[in-house]
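Below: one structure, written as structure tokens.
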Amino acid sequence: QVQLVESGGGLVQPGGSLKLSCALSGSIFRINHMGWYRQAPGKQRELVALITSGGSTNYAHSVKGRFTISRDNTKNTAYLQMNSLNPEDTAVYYCDAGGYYNGSYSLFRSWGQGTQVTVSS
């Protein structure tokens with residue numbers, strides 16, 4: 001069983017910053033990728049940012065230059081630094097991870113419970 005726990009969401013004014021964290025726990029052999037998705041009311045869930053085991057990153061066009069994804073492999077934790085936030089960034093942010101279980105080496109894909117980010121004055 002793999003569990004992802006997000007933290008760091010909250011209310012911030014336009015132009016402000018927040019840093020989200022996602023901690024993975026469980027018996028795993030390797031994490032292939034960790035990423036962040038978001039879902040605003042009435043909209044589909046969309047990819048925000050993703051980072052591979054090798055450190056390669058991919059960002060949604062709407063957040064490039066404002067958001068930075070990073071990971072600490074020693075802690076099995078991913079981060080999302082969000083700067084210059086605007087009201088369009090308001091959404092529930094979900095952490096996502098994929099990789100291989102320890103022992104069986106079967107694939108896993110897990111999601112966190114989500115953390116609310118609200119950008120409003």
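Annotation: the span from L107 atom CG to R30 atom CZ amounts to 9.5 Å, rounded to 0.5 Å. Going from atom OH of Y93 over to atom CE of M82 covers 5.5 Å, rounded to the nearest 0.5 Å. A distance of 8.0 Å separates CD1 of I51 from CG of N73, quoted to the nearest 0.5 Å. To the nearest 0.5 angstrom, R71 atom CZ is 6.0 Å from S53 atom OG. Interatomic distance, L11 CG to S121 OG, rounded to the nearest 0.5 Å: 9.5 Å. Note that the CG atom of L50 and the CD1 atom of I69 stand 6.0 Å from one another [nearest 0.5 Å].
With hydrophobic clusters built from ILVMFWY side chains whose heavy atoms lie under 4.5 angstrom apart, F108 shares a cluster with M34. Cluster annotation: L85 and V63 are assigned to the same hydrophobic cluster (Ile/Leu/Val/Met/Phe/Trp/Tyr, side-chain heavy-atom contacts under 4.5 Å, transitive). Under the 4.5 Å side-chain contact rule for hydrophobic residues, V12 and F67 share a cluster. Both V117 and W36 belong to a single network of hydrophobic side chains, linked directly or stepwise wherever heavy atoms of I, L, V, M, F, W or Y lie under 4.5 Å apart.
Counting only heavy atoms from C-beta outward, the side chains of L80 and L18 never approach each other to under 4.5 Å. At a threshold of 4.5 Å between non-hydrogen side-chain atoms, the residues E6 and L4 do not count as touching. A 4.5 Å side-chain heavy-atom check between I31 and L24 finds at least one atom pair inside the cut-off. Between N102 and I28 there is no side-chain heavy-atom pair separated by less than 4.5 Å. No side-chain heavy atom of Y101 sits under 4.5 Å from any side-chain heavy atom of S27. Taking 4.5 Å as the limit, every side-chain heavy atom of V92 sits out of range of all side-chain heavy atoms of R45.
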Just do the ring-ring contact (aromatic ring centres under 6.0 Å, His included) check on Y37 and W111 with the steps written out, would you?
-> CA-CA 10 Å; Y37 287 71; W111 294 86; 4.9 Å; yes

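Side chains of T77 and D72: a donor-acceptor N/O pair is absent below 3.5 angstrom, by distance only.
The aromatic rings of F29 and Y105 sit perpendicular, their planes meeting at an angle over 60°, well past the 30° parallel limit.
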